[in-house]
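Here's the structure we're looking at; comments come further down.
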4 protein chains.
Amino acid sequence: MQATLQATTEILEERGFAALTIEEVANRAGVGKATVYRWWSSKGTLAFDAFGARFLERHPLPDTGSLEGDLLAALRSWITVVDGTTTGRVLTGLLAEVQRDPELADEWRQRFVGVVRTQQMIMIERAIARSEISADCDSNVVLDLLYGPAYHRLLHSHLPLTDEFARHVVDIIVRGLTVGDVGTHEELS
Amino acid sequence: MQATLQATTEILEERGFAALTIEEVANRAGVGKATVYRWWSSKGTLAFDAFGARFLERHPLPDTGSLEGDLLAALRSWITVVDGTTTGRVLTGLLAEVQRDPELADEWRQRFVGVVRTQQMIMIERAIARSEISADCDSNVVLDLLYGPAYHRLLHSHLPLTDEFARHVVDIIVRGLTVGDVGTHEELS
Amino acid sequence: MQATLQATTEILEERGFAALTIEEVANRAGVGKATVYRWWSSKGTLAFDAFGARFLERHPLPDTGSLEGDLLAALRSWITVVDGTTTGRVLTGLLAEVQRDPELADEWRQRFVGVVRTQQMIMIERAIARSEISADCDSNVVLDLLYGPAYHRLLHSHLPLTDEFARHVVDIIVRGLTVGDVGTHEELS
Amino acid sequence: MQATLQATTEILEERGFAALTIEEVANRAGVGKATVYRWWSSKGTLAFDAFGARFLERHPLPDTGSLEGDLLAALRSWITVVDGTTTGRVLTGLLAEVQRDPELADEWRQRFVGVVRTQQMIMIERAIARSEISADCDSNVVLDLLYGPAYHRLLHSHLPLTDEFARHVVDIIVRGLTVGDVGTHEELS
DNA sequence: GCGTAACCGAGACGGTACGTCCCGTCTTGAT
DNA sequence: ATCAAGACGGGACGTACCGTCTCGGTTACGC
């Protein structure tokens, strides 16, 4: 079980998610295929477990004292972990797999997206506590605005994940959140 | 060739990208497998061609006269085309495939991402022309901020693509872009 | 152990020897696989034990007073037990298994073939005692001539095990054995 | 296809039918497993084809001029081909397989048993033509009496296939057939 | 009457082969 | 001459059992 995850990690780092094969994992781990299937229902869940915690460890919650500082630190940290790294390729591979396996999608939402967002949400809550932003700000939308563009570039690779990009993104979000106590979007149709 | 695309479209709509096989396409189209390979190098490019133009047709460039109106119209249109539809599932399937096939990734960037963004960029340019926003605004970042969160929710399905979501996203972006000329948020702290 | 044999018998009767697995026997008997292996070294020996005595009980030694009567009664009894019955299918299944498992082959010879033949041999000995046939007649060959053709038809199923078949076989054997003392067939040519 | 049969023959000769594996055949022949399955529906039919003609070639129809001579020559030839040889072990392996695979059983009857018997029947017909034996003699029973005991010893291996055995068997059969123009088995109940 | 050992069910384990599905390439026969 | 039809070598799939091996829980025995 440990050996299986170890073998999985190795293959993921050597050749990426697409080349991951239950057969090879079993061989490398010196384990029967049936044993792998007994513990993981698909190569998606296996890869997810091998990938798992590692990501969260490497992408901790920042605490700089200001919303802008936090968001920027978080985004920079994410980019560092993900851009041009094995982790990044595994992440995109997993995200791809999630699109074709609904069962994995559940796991993904609960054990990855949920965990990351619950943690990162604290940044927004702290900003509200500090009265930097309005209390009725939708923190989910803020997180989507922060990470959405980053995933967008990672997945489409139409443009690089530069530090400038990070600064721009954070800048616009923070301005958008902190400017207006007057006027709401409800005016829009 | 027409029959091949037709068959591809049918399968995509019936059972999604993951269930698409060249073998079945050829059988359904009454065409030899070799003939399919002669025209498309992978099932990714085939699906892309079958999916292709349809998306652009259904997601036209809006022109409401204001940046906020344009962005909101664009995002709403995207959500309509993609949320809970076959098109949406094909889009996520293709995006997944793009992660594992670098050759397809090139095609994707050039023939999909590039085309959409070139078109949508016009919204930003018009806003600059109208002096709604600063001329040195990075229009690429704006598009990432607009579509990134949407793709984010589509791919992770952690939260629904509601109209409220669209309004919030656009509201924050527009505020973030338009406030800047009167000062910076640092003053608020 | 009783339960194991019971379960084995059930499976043999329901689905035949080929479908017999230790795994299912253990499950049905509510017994651990290891326990089955503790008592039987292979599914061959297990099936043999479950099949075992039953055959001999159902195929007793006849005593009609004449060689011809005995042989015919024996052959008819064998056919009745074996033709179109579950017992017959188990017998052929076991005989098949014996071909691939030399260890089982030993058991088979000692505990089945040996027992049956020792018993049936008595028919020949009685015929010799009655002076129906010569004392230097090879009783082993006689038994092979009696049961060989029967097994032949059972295993190849090229022709049915009719009563006419039994009568012909016995007739030829008996004639072949009893004519000898008055001369040889060469005189007839 | 030729390579497949070649590989099959090799494995059969090296390690016997029980050790025959489609997987290994495919590997040795440098052929996809699917290709093997495309031509042979089971390892039984495959082994049968590889075994096939060879047996008939090696076991020709004798023609000595007398029934006794023919039967003895045939039986001796069979014993030579089969006793202690690879061919013999393949034959018993196949016969075992025939017991568990009804589809193979059909093939076996039509393409092996049928062919051999049709050929060997000629011996009996010639004896009838020569008036050695009665015309209403059941030639099927004669063949069963000739080969039945031989298969019996081969499969149960309770006794060796000696030449003495062959002579005894043939002797009894021939006497049984040629003695009596008087008295018929119908007298029996 | 209470430890303690033997037993045994349950089933996980490392393996092997199964038969199937597609892959992308190559051959063939009919139009 | 083109192309549908589909055979081909290949590789991974997920499953079924093999025979071995821990695990606990339950008896039943000796103290």
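In what follows, every chain begins at residue 1, and chains take the letters A, B, ... in the order their sequences are listed. Keep in mind that the numbers below use all heavy atoms, side chains included, and drop hydrogens, waters and symmetry copies. Bear in mind that the values here come from a model prediction, so they are computed numbers and not experimental data.
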### Query
Which pair of non-hydrogen atoms, one from D:Ala7 and one from D:Arg28, has the smallest distance, and what is that distance?
CB-CB, 3.8 Å

### Query
Any sub-3.5 Å donor-acceptor pair from C:Glu107's side-chain atoms to C:Glu103's backbone N or O?
no

### Task
Name the nucleic acid region contacted by A:Arg38, choosing base, sugar-phosphate or nothing; use a 4.0 angstrom heavy-atom cut-off, strictly under.
base

### Task
Report the distance from atom OH of D:Tyr37 to atom P of E:dC22, rounded to the nearest whole Å.
17 Å

#### Entry: Any A:Trp39 side-chain nitrogen or oxygen under 4.0 Å from OP1 or OP2 of E:dA12
no

### Query
Do the non-hydrogen side-chain atoms of C:Leu95 and C:Trp108 ever get within less than 4.5 Å of each other?
yes

### Query
Which word best sums up how the rings of C:His158 and C:His156 line up, parallel for under 30°, tilted for 30 to 60°, or perpendicular for over 60°?
perpendicular

#### Entry: Which residue lies more 5' along DNA chain E, comparing A:Met1 with B:Ser42 via nearest heavy atoms
A:Met1

### Query
B:Phe17 and B:Phe51: ring pair (Phe, Tyr, Trp, His ring centres under 6.0 Å), yes or no, with the steps?
CA-CA 10 Å; B:Phe17 184 90; B:Phe51 168 83; 9.9 Å; no

### Query
Rounded to the Å, how far apart are B:Glu97 CD and E:dC23 P?
11 Å

### Task
Would you kindly give the CZ-to-C1' distance between B:Arg100 and E:dC23, to the nearest whole Å?
14 Å

### D:Arg153 vs D:Asp83, salt bridge (Lys or Arg N to Asp or Glu O under 4.0 Å): CA-CA, chis, key distance, verdict
CA-CA 10 Å; D:Arg153 292 203 169 181; D:Asp83 187 38; over 6 Å; no

### Query
Taking atom P of E:dT16 as reference, at what distance in whole Å does atom NZ of D:Lys43 sit?
16 Å

### Task
Extract, from 5' to 3' on DNA chain F, the first and final nucleotides lying under 4.0 angstrom from some heavy atom of chain B.
F:dC3 to F:dA7

#### Entry: Residues within residues 13-36 of chain B bordering DNA chain F, heavy-atom distance below 4.0 Å
B:Gly30, B:Val31, B:Gly32, B:Lys33, B:Thr35

### Task
Only one of D:Val82, D:Val90, D:Leu94 passes side chain to side chain contact (heavy atoms under 4.5 Å, CB included) with D:Phe55; say which it is.
D:Val82

#### Entry: Taking every non-hydrogen atom, the tightest pair across D:Leu155 and C:Val98
O-CG1, 4.2 Å

